[in-house]
Amino acid sequence: MKAFEVVSHPIDTQVYADYVLRPEAGAVTVFTGHVREWTNGVRTLYLAYEAYVPMAEKKLAEIGQEIEEKWPGTRAAIAHRIGELQIGDIAVVIAVSSPHRRDAYEANEYAIERIKEMVPIWKKEIWEDGEEWIGGQKKKPEGART
């Protein structure tokens with residue numbers, strides 16, 4: 001397990017929570033993002049995630065560094081899954097420990113927003129009647145490696 005990684009297997013959230021836990025931590029927050037069935041009245045069958053893995057892991061680590069700088073005393077771990085994910089599957093886990101709960105909550109929320117902004121991971125929603133690349137980058141750029 002790496003503290004910041006892209007995986008193609010189901011995510012075990014406890015591994016990441018255990019990684020960030022340490023004696024000086026008074027709080028650990030664990031966020032999991034799941035595949036939901038309904039979005040804006042449209043039924044999703046499954047999601048397909050692709051990533052440029054080396055760069056995605058580098059960017060996840062940068063987010064971890066940003067967290068440690070903004071909230072001294074924190075430790076973070078982030079994993080994002082790629083491949084086909086079914087309804088209810090975990091797509092992302094963010095674990096943050098901190099001496100105090102407020103910092104852990106804020107850092108965790110910060111991490112998910114930064115992931116959406118800067119990490120080269122692409123999501124395709126597959127519905128009953130079609131499919132579409134979703135997010136800041138509507139589709140994977142030509143030539144991007146997975």
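- Side-chain atoms of Ile121 and Lys123, non-hydrogen and from C-beta on, never get closer than 4.5 Å to each other.
- In this structure, the side chains of Glu132 and Glu125 stay at 4.5 Å or more apart for every pair of heavy atoms.
- From Leu47, atom CG reaches atom NZ of Lys124 across 11.5 Å, with rounding to the nearest 0.5 Å.
- With respect to the salt-bridge test (charged N to carboxylate O, under 4.0 angstrom), the residues Arg43 and Glu37 qualify.
- When every heavy atom of Ser98 is checked against every heavy atom of Asp103, the shortest pair comes out as OG-CB, 3.3 Å.
- In the hydrophobic clustering of this structure, Trp71 groups with Ile78; members are Ile, Leu, Val, Met, Phe, Trp, Tyr whose side-chain heavy atoms approach within less than 4.5 Å, directly or through other members.
- Inter-residue side-chain proximity for Val92 and Phe31 is flagged as met; some heavy-atom pair is nearer than 4.5 Å.
- At a threshold of 4.5 Å between non-hydrogen side-chain atoms, the residues Ile82 and Glu50 do not count as touching.
- Residues Tyr19 and Ala76 share a closest heavy-atom pair of CE2-O, 4.0 Å.
- By the rule that hydrophobic residues join a cluster once side-chain heavy atoms approach within less than 4.5 Å of another member, Val35 and Ile112 end up as members of one cluster.
- Annotation for Leu85 and Ile90: closest pair CD2-O, 3.6 Å, computed over non-hydrogen atoms.
- For the atom pair CE of Met1 and CG of Asp12, the computed distance is 10.0 Å after rounding to the nearest 0.5 Å.
- Using a 4.5 Å heavy-atom threshold, the side chains of Gln86 and Tyr46 count as touching.
- Around atom OH of Tyr105, no more than 12 heavy atoms belonging to other residues, nucleotides or ligands sit under 6.0 Å away.
- Of all the heavy atoms in Pro99 and Gly73, the pair that sits closest is CD-O, 3.4 Å.
- The neighbour count for His34 NE2, taken as heavy atoms of other residues, nucleotides or ligands under 6.0 Å away, is above 12.
- With contacts defined as side-chain heavy-atom distances shorter than 4.5 Å, the pair Leu21/Ser97 does not qualify.
- Other residues, nucleotides and ligands place no more than 12 heavy atoms under 6.0 Å from the CD atom of Glu109.
- Put simply, CG on Leu60 and CE on Met118 are 8.0 Å apart, with the number rounded to the nearest 0.5 Å.
- Note that CZ of Arg114 and CD of Glu66 are 4.0 Å apart. Values are rounded to the nearest 0.5 Å.
- Rounding to the nearest 0.5 angstrom, the gap separating the CG atom in Asp89 from the OG1 atom in Thr32 is 11.5 Å.
- Taking a 6.0 Å sphere around CZ of Arg36, one finds it holds 12 or fewer heavy atoms contributed by other residues, nucleotides or ligands.
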### Task
Walk me through it: do Val20 and Val96 pass the test side-chain contact (heavy atoms from CB on, under 4.5 Å)?
CA-CA 6 Å; Val20 300; Val96 177; over 6 Å; no
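- For the atom pair CD of Gln65 and CZ of Phe4, the computed distance is 8.5 Å after rounding to the nearest 0.5 Å.
- The cluster map of Ile, Leu, Val, Met, Phe, Trp and Tyr, joined by side-chain heavy atoms under 4.5 Å apart, puts Val30 and Val15 in the same cluster.
- Annotation: cation-pi pair Arg81/Tyr49 absent, no NZ/CZ under 6.0 Å from the ring centroid and within 45° of its normal.
- In this structure the side chain of Ile94 never reaches within 4.5 angstrom of the side chain of Ile63, judged on heavy atoms.
- Of all non-hydrogen atoms in Lys2 and Tyr16, the two that sit nearest each other are O-CE2, 3.9 Å.
- Heavy-atom minimum distance, Ile115 versus His80: CG2-CD2, 4.4 Å.
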